[in-house]
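Down below is the structure, laid out as structure tokens.
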Amino acid sequence: MMTNYLYYVNTNEQTHSELYIQAIKIGDVAISVLPGEIYAAIGIAIKEKSPFAKTIIVENSNSYCGYIPDKSAFNGNCLLYESLLCCHSCHVPEASDIIEEKALELLKKIN
């Protein structure tokens with residue numbers, strides 16, 4: 001909802017966050033380790049684009065930074081209940097894209 005983005009703009013004084021993303025390879029299995037509570041769509045996108053046939057997504061690791069919604073949660077068309085909670089994460093709408101991109105970079109590096 002647009003109110004989520006407005007909430008973010010009006011309450012977020014933090015200019016950046018340092019979040020840790022890891023990739024681990026065990027045999028032919030990759031593990032993508034992500035901070036916070038990511039939306040399922042983000043994990044699914046990482047699995048689909050991973051260079052590994054088997055990729056496991058681990059969330060809430062290395063630090064907890066609240067919900068990490070995908071961009072759709074910030075528009076008025078999202079009907080997911082988590083979209084009401086995404087305003088509490090105070091991440092920019094592009095955070096999910098950044099996390100996905102970095103996770104995939106690491107997976108490609110260890111392949």
Side-chain angles (χ1 to χ4, degrees):
M1 300 183 131
M2 185 54 123
T3 55
N4 294 346
Y5 184 69
L6 294 174
Y7 177 88
Y8 165 79
V9 169
N10 291 321
T11 61
N12 192 16
E13 296 174 5
Q14 191 172 354
T15 58
H16 71 281
S17 296
E18 188 170 304
L19 303 174
Y20 298 96
I21 299 170
Q22 294 175 301
I24 303 164
K25 177 181 175 182
I26 303 172
D28 64 345
V29 177
I31 303 170
S32 184
V33 183
L34 308 173
E37 198 164 342
I38 64 164
Y39 272 32
I42 301 165
I44 291 168
I46 292 170
K47 286 181 175 186
E48 288 175 349
K49 297 174 186 174
S50 172
F52 293 87
K54 300 173 190 167
T55 303
I56 298 169
I57 305 296
V58 177
E59 62 180 351
N60 287 326
S61 298
N62 298 324
S63 61
Y64 182 75
C65 57
Y67 273 107
I68 301 173
D70 61 3
K71 280 188 197 176
S72 69
F74 287 93
N75 68 33
N77 299 325
C78 185
L79 300 175
L80 300 172
Y81 83 93
E82 295 99 335
S83 67
L84 301 174
L85 301 173
C86 77
C87 61
H88 300 295
S89 70
C90 291
H91 297 291
V92 294
E94 297 80 17
S96 63
D97 293 338
I98 295 167
I99 289 170
E100 180 182 327
E101 177 185 320
K102 297 299 179 187
L104 289 169
E105 279 179 26
L106 289 173
L107 289 169
K108 289 174 185 169
K109 194 178 278 192
I110 65 169
N111 187 15

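All values reported here derive from a predicted model rather than from experimental measurement.
Nearest approach of Asn111 to Pro51, heavy atoms of both residues: ND2-CB, 3.2 Å.
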Please set out all donor-acceptor pairs under 3.5 angstrom arising from side-chain atoms of residues 52-61, sequence neighbours excluded.
unit_1: Thr55; atom_1: OG1; unit_2: Ser50; atom_2: OG; d: 2.7
unit_1: Glu59; atom_1: OE1; unit_2: Ile38; atom_2: N; d: 2.9
unit_1: Asn60; atom_1: OD1; unit_2: Glu37; atom_2: N; d: 3.4
unit_1: Ser61; atom_1: OG; unit_2: Glu59; atom_2: O; d: 3.3

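Looking at Ile46 and Ser32, their side chains come closer than 4.5 Å, going by heavy atoms from C-beta outward. Looking only at side-chain heavy atoms (C-beta outward), Lys102 and Glu105 come within less than 4.5 Å of each other.
Taking CG from Leu104 and NZ from Lys47, the interatomic distance works out to 13.0 Å, rounded to the nearest 0.5 Å. Separating the CG atom in Leu106 from the CD1 atom in Ile31 is a distance of 13.5 Å, to the nearest 0.5 Å. Here CD1 of Ile44 is found 12.0 Å from NZ of Lys49. Values are rounded to the nearest 0.5 Å.
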Worksheet entry | Stepwise side chain to side chain contact (heavy atoms under 4.5 Å, CB included) check, Ile68 with Ile99 | CA-CA 9 Å; Ile68 301 173; Ile99 289 170; 3.5 Å; yes
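Two different hydrophobic clusters hold Val33 and Ile21 under the rule that ILVMFWY side chains link at heavy-atom gaps under 4.5 Å.
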